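Worksheet: the structure to be examined is printed underneath.
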Amino acid sequence: MQKQVLVVEDSETNRVLLHDLLEKVCHCCVSVAANGKQGLEMAQAGLPDLILMDVGLPVMNGLEATRVLKADVRTGAIPIIALTGYVSNEDEQRMIEAGFDGILPKPFDVRKLLDKVCVYLTARSDLQL
Ligand SMILES: [Mg+2]
């Protein structure tokens, strides 16, 4: 079955880029949300296999949305990768505390991004065998 990936990004350029790239290269089904609250609701309703979450988001930021998802037994096991331009040690610590499983720095290194996404999607499919 096709893997479901949720991309939560307020930049339309990044949303379109990630949507097209992941669908074409990883052959997964990609949903997109433009703010943290919408992303949270879509994750709760759709239970995706992987979430790529921007940190700086309107309405509810990526740290808050991730905290809520990780605290909920239905969504807590979904891997969430942070997409962020902020990479100070303090920020990284805050992201780990919020429950992020990985961090992908912006601007994206497409190869690293695809590698990371594939690792998470493959690990999930192995579990389901
Ligand atoms: Mg942003």
Side-chain angles (χ1 to χ4, degrees):
M1 193 156 132
Q2 219 179 3
K3 296 290 169 184
Q4 307 287 322
V5 178
L6 174 63
V7 172
V8 190
E9 245 292 357
D10 62 327
S11 150
E12 192 184 357
T13 309
N14 283 341
R15 275 203 306 277
V16 172
L17 170 80
L18 290 167
H19 174 274
D20 291 356
L21 197 61
L22 297 177
E23 286 214 339
K24 283 194 188 104
V25 182
C26 301
H27 308 290
C28 49
C29 180
V30 181
S31 309
V32 294
N35 67 61
K37 185 168 181 286
Q38 189 190 14
L40 175 62
E41 288 166 357
M42 285 176 70
Q44 289 167 334
L47 303 177
D49 297 291
L50 176 68
I51 301 171
L52 301 186
M53 178 86 77
D54 185 16
V55 174
L57 287 167
V59 189
M60 174 187 274
N61 72 36
L63 292 167
E64 290 174 62
T66 296
R67 266 187 219 112
V68 175
L69 289 169
K70 288 296 181 180
D72 185 335
V73 68
R74 293 173 309 138
T75 52
I78 302 171
I80 308 179
I81 301 176
L83 308 173
T84 180
Y86 319 128
V87 284
S88 75
N89 286 344
E90 198 179 296
D91 284 322
E92 196 173 317
Q93 195 53 43
R94 217 174 298 145
M95 285 180 237
I96 292 164
E97 279 164 13
F100 281 108
D101 298 275
I103 298 168
L104 278 167
K106 289 198 256 189
F108 304 122
D109 176 328
V110 171
R111 164 77 26 212
K112 275 189 193 150
L113 186 144
L114 291 172
D115 282 352
K116 199 156 233 177
V117 168
C118 287
V119 164
Y120 279 105
L121 292 181
T122 308
R124 297 279 290 179
S125 75
D126 286 348
L127 285 177
Q128 285 160 13
L129 285 175

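In what follows, every heavy atom counts, from backbone to side chain, and hydrogens, waters and symmetry copies are set aside. Computed from a predicted model, the values in this text were never measured in an experiment. As the structure lists them, so they are numbered: ligands from 1, and atoms in each ligand from 1.
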Per side chain to side chain contact (heavy atoms under 4.5 Å, CB included), Cys26 is matched among Leu21, Val117, Val5 by Val117
- prompt: Does the distance from a Lys or Arg side-chain N to an Asp or Glu carboxylate O, for Asp115 and Lys112, drop under 4.0 Å?
  reply: no
Does atom NZ of Lys37 have more than 12 heavy-atom neighbours, drawn from other residues, nucleotides or ligands, at distances under 6.0 Å?
no
Between Asp54 atom OD2 and Asp10 atom OD1, the angle centred on the Mg ion (ligand 1) rounds (to 10°) to 80°
(message) Would you say CD of Glu90 has more than 12 non-hydrogen atoms from neighbouring residues, nucleotides or ligands within 6.0 angstrom?
(response) no
Original post:
Measuring to the Mg ion (ligand 1), does Glu9 have an N/O/S atom at a distance below 2.8 Å?
Top reply: no
TODO: Check whether any N, O or S atom of Gly56 sits under 2.8 Å from the Mg ion (ligand 1).
DONE: yes
